[in-house]
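Encoded as structure tokens, the structure appears first; notes follow it.
Letters A, B, ... are given to chains in the order of the sequence lines, protein chains preceding strands, and every chain is numbered from 1.
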Amino acid sequence: MSFINDHLLSIIVAAPAVAAVLLLIVDDEARLTMRFISLIGATVSLAGSIQVALTYGMAQGGLQRPEKYPLVPSLGIDLSLAVDGWGVSLLLLTGIIIFAGVWATWTLTDRAREFYILLLLLVSGVLGVFVCQDLFIFFLFYEIAVLPMYLLIGIWGSRGKVAADGPFAFVWKRFDVGGREYAAMKLTLMLLVGSAAILVVIFAMYFSAGGRTFDLTVLGHASYPRQMQLWAFPLLWLGFGSLAGVFPFHTWSPDGHAAAPTAVSMLHAGVLMKLGAFGVIRIGMMMLPEGAAYWAPYVGGVAVINVLYGAISAMSQKDLKYVIAYSSVSHMGVVMLGAATLTVDGWNGAIYQMFAHGMMTGLFFALVGLVYDRAHTRWVPSMGGFAKEMPWVASFFVLACLSSLGLPGLAGFVAEFLVFLGAWQSTHWWWALPGIVGAWVTAVYVLRAVRDIFFGEGPRSKEIHHLHDAHGTEWGALWVLGIGLVVFGSYPRLILDFIHLATNEYLPRVASIAAQLAQAP
Amino acid sequence: MRAIDWALLSTFLPLATALLLVLVSPLRRTGLGAGLVSVVSAVATFVGAVMVLASRFGAEAGVVHRTIQWLPHSALGGVAHGRGAIELGVHVDGISATMLVVVTFVALCVQVFSIGYMAEEPKADFGRYFTWQSLFLFAMNSLVIAPNLLQLFLGWELVGLVSYLLIGYWWKKPSAARAALKAFWITKFADMGLLAGLIVLFLATGTFDWTVTTAAAGTVTLLLFVAVMGKSAQFPLHIWLPDAMEGPTPVSALLHAATMVAAGVFLVVRAFPLFEQAPNTLTVMAYVGSFTALFAAVVAVVQTDIKKVLAYSTCSQLGYMVCALGAGSQAAGFFHLTTHAFFKALLFLAAGSLIHGVHSNELSHMGGLLKKMKVTSGAFIIGSLALAGVPGLAGFFSKDLILEEVLHRGLWAPLGALLVAAFLTAFYMGRVMWVALLGEPSEHAKHAHESGPSMLAPLIGLSVLAIGVGYFGGTLSGLYGEPVHFHLSAIGIVATVLGLSGLGISYWMFGAPQGGKAILEAFAPVGRLARSGAVNGFFAWSYRSVMTRVAAAIGWFDRYVIDGLINGIAYGTLEAGSRLRVIQTGRVQDYVYVVVAAMLLIGLYGAFWGR
Amino acid sequence: MPTADDLRPLAVDLALLGATLMLFAVDLGLPHGRKRWLGVLSSALLAGLFVLTFFVDTEGSAFGGSYVGGAWPLLFKRIALAAGALAALGSVDHVDRHFPTRQGEFYLLMMFSLMGMTLLPGARDLLLFVVAFEMMGIPLAMMASYAKTEDLKGVHRHAAEAGLKLYLISAVSTAITLFGLSYVYGLTGSTRLDVIAQAPLSPLLGVGMMLTVAGMSFKVGAVPFHMWVPDTYQGAPTPFVAFLSVAPKASGFAAMTAMLLVAFKNNREQVLSVVLLMSLASITIGNLLALPQKDVKRLLAYSGIAQVGYMLIGLVAGGSYGVGMLLFFVSGYVATNMGAFLVLEAIAPQRTGITLDDVKGLSRRSPWLAAALLLFLLSLAGIPFVVGFWGKLMVFMAAYQAGYGWLVLFGALMAIVSLWYYLQVARAAYMGDAPTEEVVPVKVTPTLATAIAVCLTLVLGMGAYPRPFIEQASAAARSFLGEAP
Amino acid sequence: MGLIGYLLLAAGLFSLGVFGLVTRKNAVGVMVAVELMANAVNLNLVAFSRFHGGNTGQVFALFSIAITVAEVVVGLALVILLFRARGDVTLDLASELKE
């Protein structure tokens with residue numbers, strides 16, 4: 001047992017990958033075995049994350065459960081893992097989402113083996129990012145988390161073509177805009193452009209700090225030249241930000257999420273986008289505090305644009321998945337807004353929003369998957385009255401909507417509330433206003449979608465029939481995430497205390513530098 | 001058990017009931033079983049509330065205030081003790097105890113009534129209905145016992161949610177779905193003010209308490225008042241309330257007459273110490289309230305749907321309360337809230353019973369119901385008279401108190417508006433009574449029959465209170481401040497005369513069959529205005545023409561400009577590849593050319609730097 | 001007279017000579033039906049030699065310093081031998097199918113070419129350089145156009161063209177290099193690299209140096225001497241291309257490094273500026289021209305040009321770090337690119353041109369092959385947990401350290417462009433539907449499968465745990481530059 | 001004729017070779033041009049050898065000749081192959097692989 005305890009973090013990170021390797025040797029026809037192996041991999045990660053949360057020493061805080069395996073000692077690259085308060089919460093989130101995600105794809109039959117392998121590899125990458133304490137490995141995991149997406153979307157994505165029109169029709173035709181392969185390619189390339197920017201900054205930090213180690217703590221306490229921070233921070237911001245859907249690098253997200261299969265959308269919007277925001281905070285703001293302090297107003301300003309722009313774009317969408325995808329863009333804006341405030345409440349809110357939005361959007365995509373599975377369309381104007389045949393789906397959808405629009409008692413509210421509190425305290429108090437308005441616009445479009453899809457007299461398209469409610473394994477994802485939303489919304493301290501601990505530890509350094517900078521002429 | 005335990009019981013028992021009904025589907029699907037569970041729980045809740053109120057008269061009458069930390073301590077409060085805490089808890093004092101009883105009693109009556117009223121619904125829907133009812137009770141009670149504005153806000157949003165769910169109870173009807181959506185949009189829109197107000201308050205004081213003294217009170221209260229306008233349907237954010245009548249009638253009685261819409265007023269009552277620090281806000285409230293009272297009363301006159309009449313009447317009465325609070329009288333506002341809750345709930349339930357009898361909301365489909373539905377009619381008449389301010393009934397006392405306070409403050413314009421509204425109130429209630437209860441029975445009314453006991457019992461209970469509660473004004477106000485004792489004043493007499501004359505004129509006009517044509521024609525422009533709804537139209541326009549168009553524009557921008565840029569870069573790169581590939585001609589001598597040329601250039605460069 | 005000490009650095013090369021002669025002898029004795037085993041034998045011999053490199057001590061120098069041993073050349077020899085062994089193994093079936101009667105010559109040519117390659121990294125004399133270069137290059141041109149007469153209008157329609165293009169550009173650049181070398185010799189009076197390094201700079205010497213470097217960059221296929229690369233790759237037999245695309249590149253870089261960092265070390269700046277330009281041009285042209293390609297071999301050829309550009313970055317960064325990372329990059333690249341071409345061979349053994357349509361539906365026809373191809377492609381693109389990621393990253397790191405931050409950004413962005421076309425292949429394999437309705441499984445022969453599996457293992461192993469390789473490469477680079485370990 | 005003269009001659013020869021290389025259509029003609037370039041190199045080497053004394057350059061030249069011979073042998077073989085494949089030895093025939 002003590003071996004497990006001593007290597008718990010490695011086990012959490014490796015479990016999905018090991019499951020993926022095991023899948024290689026399973027017979028092609030043994031679908032059930034595949035599913036169970038995947039489920040076990042996900043469950044091990046989830047259980048491990050829960051164990052980490054339960055045993056995390058709240059009294060001492062800081063980085064706990066350190067593990068270190070030298071990888072390339074000559075360059076100071078170590079596979080070093082440890083978990084802090086943020087890590088705890090985000091591990092939990094990832095564990096929950098992948099657990100739900102496996103349930104949500106239980107019925108997948110087309111090339112199931114490859115699908116699960118890629119999905120699990122991706123999850124390993126995500127888990128790795130949240131607990132690794134080595135910048136280089138951070139980047140490595142980050143890339144792993146991004147890449148399987150190409151195949152996941154490209155192979156198992158839905159075929160929804162968009163008619164080529166408008167001024168760029170010729171480009172559209174060439175790229176097959178709206179198709180899943182287009183979406184997959186666009187997502188991959190845009191995110192990797194971000195990686196290119198990150199890479200440069202990683203090198204800059206490494207060499208600027210002496211070129212001996214990539215250890216995050218060491219690098220985090222090095223003092224980088226101001227000039228370097230000023231150019232490096234925006235690169236990180238845009239680099240990680242492209243994954244977080246920062247305007248104007250968000251356009252991969254609607255196409256990508258719309259085209260992706262259910263579990264992948266869940267995971268991508270639910271967890272992967274958080275990697276980007278996490279990177280901005282964990283690497284960008286914490287490592288380059290001067291740069292962060294200088295650029296915070298821009299980060300916040302763009303985040304505000306994100307919130308409103310995403311929400312208003314979502315209003316104009318008719319495709320259900322696009323609606324949800326744009327809402328993600330809007331909500332990730334809230335995360336970035338919280339980060340930009342450089343206040344305790346703002347950062348708490350930002351990390352909590354990652355958590356809350358992860359669960360919520362996971363639920364959303366699971367539901368959209370169900371609706372699509374039954375109705376074979378995502379076109380909102382052709383739906384209507386679905387609540388009759390699928391009352392539970394409707395109920396869960398409303399629940400997700402309510403969290404999305406920040407209804408108290410659900411997780412989304414806590415996060416938004418904290419972010420707004422933080423925003424009001426920050427140097428730009430008015431940031432909170434667009435945020436609040438954004439929440440209202442969210443209410444407008446999500447509830448309108450609810451009305452159009454579930455309420456009213458019945459499908460507006462004659463082709464929709466044979467609707468039925470969720471059944472069997474599909475319940476898994478819905479209940480796990482639905483209950484999560486309520487529980488973490490009513491008693492947020494379950495998670496928020498961890499977050500708070502880490503924030504209190506990390507923020508003061510950044511905030512004090514920001515304060516100095518504000519005083520300087 | 002102490003007061004706090006009773007308060008917690010009456011909050012969490014309904015939650016437990018709701019959860020039970022949500023999670024145990026078989027129970028919910030029995031319909032009646034779910035209803036009974038809910039009613040039993042409502043009874044217990046009511047008992048709890050009564051015990052809480054009783055404790056106010058007992059030995060432990062002091063304010064009970066108990067909280068737990070909900071979110072981590074915010075750094076915002078700095079070092080000062082108790083600041084920066086984000087807490088939830090229980091606060092029991094006279095106000096919350098009174099409100100608790102009002103809410104739970106009305107809710108109990110409504111739930112009992114609903115068992116009869118909703119009996120013909122499908123079982124699953126019936127169960128769902130009672131689930132939401134229980135959830136509402138939890139939400140409303142958690143709002144009522146809130147120890148600070150944050151919890152009040154949480155409850156506030158939750159009741160808004162239940163309102164959305166219950167208005168949309170018949171979600172298959174597009175109009176109900178639309179009304180639910182509209183109600184949520186509008187109130188949520190107003191709630192932005194509450195959220196902002198809370199944040200400003202927290203930033204300024206480090207707490208969510210309403211007792212703090214702060215320089216920011218003006219901003220905070222104005223922001224809070226925006227939310228009040230939304231929730232308590234004040235002009236111009238009142239437009240959702242008439243549409244909310246799409247919900248089942250008992251829901252209208254509970255949420256959209258007695259309790260939920262009064263939450264806005266309750267907020268002001270609760271946070272009165274804050275509002276008192278902001279005289280300007282109070283003035284604004286007085287004017288908005290009185291205008292709403294008048295405006296809604298005028299519109300109520302021309303409504304032909306009995307529920308719409310009552311809905312506008314609710315708007316109008318809420319205007320009274322807001323105006324009273326604006327005049328600086330916590331007691332007057334809260335007292336009117338109390339009495340109004342009983343008689344308006346009574347009116348709605350009685351109307352529900354009438355509707356149940358004739359299967360129609362339209363006044364013209366009623367008539368002569370007094371003979372067929374004696375108990376219901378009696379209850380309706382008691383409610384109407386109480387609303388009209390007939391002396392001796394509850395409405396008389398509270399309305400009188402309000403007018404007195406407004407007069408006392410010298411708010412002349414609001415006073416005039418309120419007086420006219422008092423006349424109109426009596427007039428339109430009179431009209432409903434004469435047309436629906438007397439008058440010529442219509443086709444529908446001929447088959448009307450009295451409702452069952454489960455519907456009549458609540459009517460009787462509420463009737464008692466609609467008559468009696470007016471006499472306890474002093475006792476109730478004494479629970480939280482100076483007792484306000486009733487004494488007949490000049491303005492009270494004026495109002496009474498106006499009210500009675502309103503009833504009289506309406507009898508003169510509508511008492512006879514086919515009467516009142518002229519007056520209705522005179523009011524026709526108002527009617528048109530009310531029906532086409534200028535305010536409504538404005539909101540609809542801003543949704544349709546502004547929001548959706550802006551959204552479409554942004555959507556286009558995203559697709560074509562931003563995405564276009566990204567596709568453009570990709571396209572450019574691919575084009576560059578396609579164009580450049582022609583340099584690979586395939587002719588080996590061309591390659592040799594390149595090699596030789598490159599060698600020459602490189603050699604020359606070497607010769608140059610070798611110098 | 002050469003002494004025994006002189007022979008020590010040459011131990012591997014002599015053993016290779018022995019192996020070659022042995023192969024020759026066996027070829028003479030082997031009856032016609034059995035020729036197939038020649039490939040397996042040569043692969044086994046090369047593999048044996050590869051193992052041998054771990055047990056011989058090649059320290060020291062031979063022939064008065066004209067030839068040196070040690071970690072640096074040894075590592076390149078290993079790369080060449082490994083590439084040879086894999087390529088021979090991968091060629092067995094192709095050669096047996098298409099040139100059943102001329103199998104021995106094919107492997108002999110490969111062995112001769114390999115001999116040039118193993119000689120090249122240790123050469124410290126212009127003469128030896130030239131000889132080794134030609135020894136490596138001439139057999140390649142012959143192998144490129146290896147075809148039966150009756151196939152010239154069919155399967156190997158492009159053999160002559162492929163070979164001729166390789167040959168002609170090779171000949172021209174050899175001539176130009178020699179011309180440059182003649183000046184270098186003329187102005188320094190010596191053919192020894194260390195002596196040349198001491199010579200004073202003059203315009204003619206400058207011309208000589210530049211022409212030398214340019215001529216060498218022909219072998220690695222850097223822009224603007226890359227024009228033969230796509231045409232030859234496309235037209236030549238696939239297993240041979242697998243060999244051609246990696247082995248000469250590794251040795252070419254060994255030669256270039258020696259030339260730049262030993263012979264021209266005092267005038268490095270200017271030469272490096274030209275190398276930097278070539279690197280930029282290679283990355284740009286390689287990546288852009290690969291974008292519209294439909295022929296996978298041609299696509300990989302352009303990608304190879306781009307890869308060379310990345311390798312040149314390591315050279316530009318210089319220092320033991322940069323060179324070491326270049327070496328690491330090259331060793332990873334050998335396994336990767338070899339693997340990729342061998343997979344192509346497995347997919348379409350009957351053809352020399354393989355288009356994206358041939359790859360379509362591969363994941364259904366052979367999931368393993370598709371997965372292998374995907375991993376090779378990802379490694380080429382520089383994706384984590386396969387070796388290409390580390391290679392690119394290490395080279396970038398070296399470049400950043402040397403002050404070329406912008407080059408890192410440029411390189412990384414162009415790597416993303418490259419991902420487009422790599423993913424086109426992956427997309428065909430995974431998302432495209434097979435040309436026919438029924439799914440025809442791909443049959444992979446055991447020899448080819450073994451070769452691919454070895455490549456895959458290397459790619460994954462070096463990607464998962466690069467430490468020993470990186471450290472070996474760094475150590476070799478330090479010993480090459482004479483720095484303390 | 002001093003060293004410079006030989007160098008100039010070699011350079012001229014080399015240029016002539018380059019000219020032939022790019023203008024000849026016939027593959028054999030191109031080979032001859034390459035040969036010219038190689039001989040320019042040899043001339044250089046021998047001239048430098050003479051200039052420096054010693055025999056390094058001459059040995060170099062010998063090697064160079066040997067290399068050139070090997071090259072030409074292979075080249076002519078390829079030309080024959082081209083002839084078999086296309087029936088002619090015009091270099092432009094070998095331009096199917098492109099772009």
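Contacts between B:Ser175 and chain A at a heavy-atom distance below 4.5 Å are absent for every atom of the residue. Neither the backbone nor the side chain of A:Thr343 comes within contact range of chain B; no heavy atoms are under 4.5 Å apart. Heavy atoms of B:Phe189 lying under 4.5 Å from chain A belong to its backbone as well as its side chain. Only the side chain of A:Met190 comes within contact range of chain B, with at least one heavy atom under 4.5 Å from a heavy atom of that chain. Using a 4.5 Å cut-off between heavy atoms, A:Phe247 contacts chain B through its side chain alone, with no backbone atom that close. Using a 4.5 Å cut-off between heavy atoms, A:Arg451 contacts chain B through its side chain alone, with no backbone atom that close. Using a 4.5 Å cut-off between heavy atoms, A:Val450 contacts chain B through its side chain alone, with no backbone atom that close. Contacts between A:Leu405 and chain B at a heavy-atom distance below 4.5 Å involve backbone atoms as well as side-chain atoms. For B:Arg549, no part lies under 4.5 angstrom from a heavy atom of chain A. When heavy atoms are compared at a cutoff of 4.5 Å, A:Ala432 does not approach chain B at all. If you measure heavy-atom distances from A:Phe454 to chain B, the contacts under 4.5 Å come from the backbone alone.
Within residues 140-154 of chain B, the residues approaching chain A closer than 4.5 Å by heavy atoms are, in numerical order, B:Leu150, B:Phe153, B:Leu154.
A:Tyr491 contributes atom OH, which lies 11.5 Å from atom CH2 of B:Trp70 (distance to the nearest 0.5 angstrom). Rounded to the nearest 0.5 angstrom, B:Ser578 OG and B:Tyr571 OH are separated by 8.5 Å. The CZ atom of B:Phe130 sits 4.0 Å away from atom CZ of B:Phe126, with the distance rounded to the nearest 0.5 Å. Separating the CD1 atom in A:Ile351 from the NE2 atom in A:His500 is a distance of 13.5 Å, to the nearest 0.5 Å. Once rounded to the nearest 0.5 Å, the distance linking CD1 of B:Ile554 with CZ of B:Phe557 reads 7.5 Å. Between the CZ atom of B:Arg29 and the CZ atom of B:Arg128 there is a distance of 12.0 Å, given to the nearest 0.5 Å.
Counting heavy-atom pairs closer than 4.5 Å to chain B, the top-ranked of the candidates A:Ile499, A:Leu496, A:Leu447 is A:Leu447. Per-residue heavy-atom pair counts under 4.5 Å with chain A were compared for B:Val550, B:Thr548, B:Leu71, and the maximum is reached by B:Leu71. Your options are A:Gly384, A:Ala439, A:Ala387, A:Ser313, and the one with the most heavy-atom pairs under 4.5 Å with chain B is A:Ala387. Chain A forms the most heavy-atom pairs under 4.5 Å with one residue out of B:Leu198, B:Ile86, B:Leu165, B:Leu195, and that residue is B:Leu195. Per-residue counts of heavy-atom pairs under 4.5 Å with chain B were compared for A:Leu402, A:Ile312, A:Ile436, A:Val444; the largest is that of A:Val444.
With hydrogens and angles ignored, the 3.5 Å screen pairs a side-chain donor or acceptor of A:Asn306 with a backbone N or O of A:Val329. Under the 3.5 Å distance criterion, the side-chain polar atoms of B:Ser163 are left unmatched by any main-chain donor or acceptor of B:Val159. Although no hydrogens or angles enter the test, the distance criterion places no donor-acceptor pair under 3.5 Å between the side chain of B:Trp240 and the main chain of B:Ala179.
A donor-acceptor contact under 3.5 angstrom links the side chains of B:Tyr543 and A:Arg448, judged on distance only. Judged purely by distance below 3.5 Å, without hydrogens or angles, the side chains of B:Asn567 and A:Tyr182 pair a donor atom with an acceptor atom. Side chain to side chain, B:Asp125 and B:Tyr169 fail the donor-acceptor criterion of an N or O pair below 3.5 Å.
What you find for B:Pro14 and B:Phe138 is that their closest heavy atoms are CB-N, 3.7 Å.
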B:Asp563/A:Lys186 under salt bridge (charged side-chain N to carboxylate O under 4.0 Å, His left out): CA gap, chis, key distance, verdict: CA-CA 10 Å; B:Asp563 226 14; A:Lys186 179 162 149 188; 2.5 Å; yes
